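Shown next, in structure tokens, is the structure this report addresses.
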Amino acid sequence: MKYSEVERKLKKRGCYCCDSNGNHPMWFSPITGKEFQLGHHKSQEVKSGTLRSIERESGVKL
């Protein structure tokens, strides 16, 4: 799955980018109430460990 697909699915479930300053954009999940990092490499594939971490932090099954 590419980062652009992950972003689309997160936005669909209500997550949003709350801070884009720095190395990685910070996103917020209203499901878990947590902030998490998401890469900005739109066309690259997300590694499986990173994908699991994003799922855990966001509460969204990707």
Side-chain angles (χ1 to χ4, degrees):
M1 179 178 298
K2 296 185 184 295
Y3 277 98
S4 58
E5 295 174 54
V6 171
E7 277 190 27
R8 184 177 45 81
K9 288 183 178 190
L10 290 172
K11 285 180 182 179
K12 197 173 192 179
R13 299 280 269 139
C15 298
Y16 58 91
C17 184
C18 59
D19 181 22
S20 60
N21 297 331
N23 292 336
H24 291 87
M26 291 298 291
W27 282 64
F28 178 77
S29 171
I31 298 167
T32 61
K34 294 182 180 179
E35 288 186 352
F36 58 96
Q37 290 184 347
L38 185 65
H40 44 56
H41 313 284
K42 305 281 188 200
S43 62
Q44 288 184 0
E45 290 288 320
V46 182
K47 294 182 180 176
S48 61
T50 305
L51 193 59
R52 282 193 304 271
S53 176
I54 293 169
E55 286 179 337
R56 183 176 55 251
E57 295 294 319
S58 69
V60 176
K61 181 68 177 154
L62 301 170

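Heads up: numbering here begins at 1 and tracks the sequence. These numbers come from a predicted model, not from an experiment.
- Side-chain atoms of Trp27 and Lys11, non-hydrogen and from C-beta on, do get closer than 4.5 Å to each other.
- The side-chain contact (heavy atoms from CB on, under 4.5 Å) check on His41 picks up Tyr3, Gln44, with sequence neighbours excluded.
- With values rounded to the nearest 0.5 angstrom, Thr50 atom OG1 is found 11.5 Å from Glu55 atom CD.
- Tracing side-chain contacts under 4.5 Å through hydrophobic residues (I, L, V, M, F, W, Y), one reaches Ile54 starting from Val60; they form part of the same cluster.
- Among pairs with a residue in residues 21-46, those fulfilling salt bridge (charged side-chain N to carboxylate O under 4.0 Å, His left out) read Lys2-Glu45, Glu7-Lys42, at least two apart in sequence or across chains.
- To the nearest 0.5 Å, atom CG of residue Asn23 and atom NE2 of residue His40 are 7.0 Å apart.
- Residues Ile31 and Met26 do not share a hydrophobic cluster, defined by chaining ILVMFWY side chains whose heavy atoms lie under 4.5 Å apart.
- When all heavy atoms are compared, the tightest approach of Ser29 to Ser58 is OG-O, 2.6 Å.
- In terms of heavy atoms, Pro25 sits closest to Gly39 at CD-C, 4.4 Å.
- Under the 4.5 Å side-chain heavy-atom criterion for ILVMFWY residues, no single connected hydrophobic cluster contains both Phe28 and Leu62.
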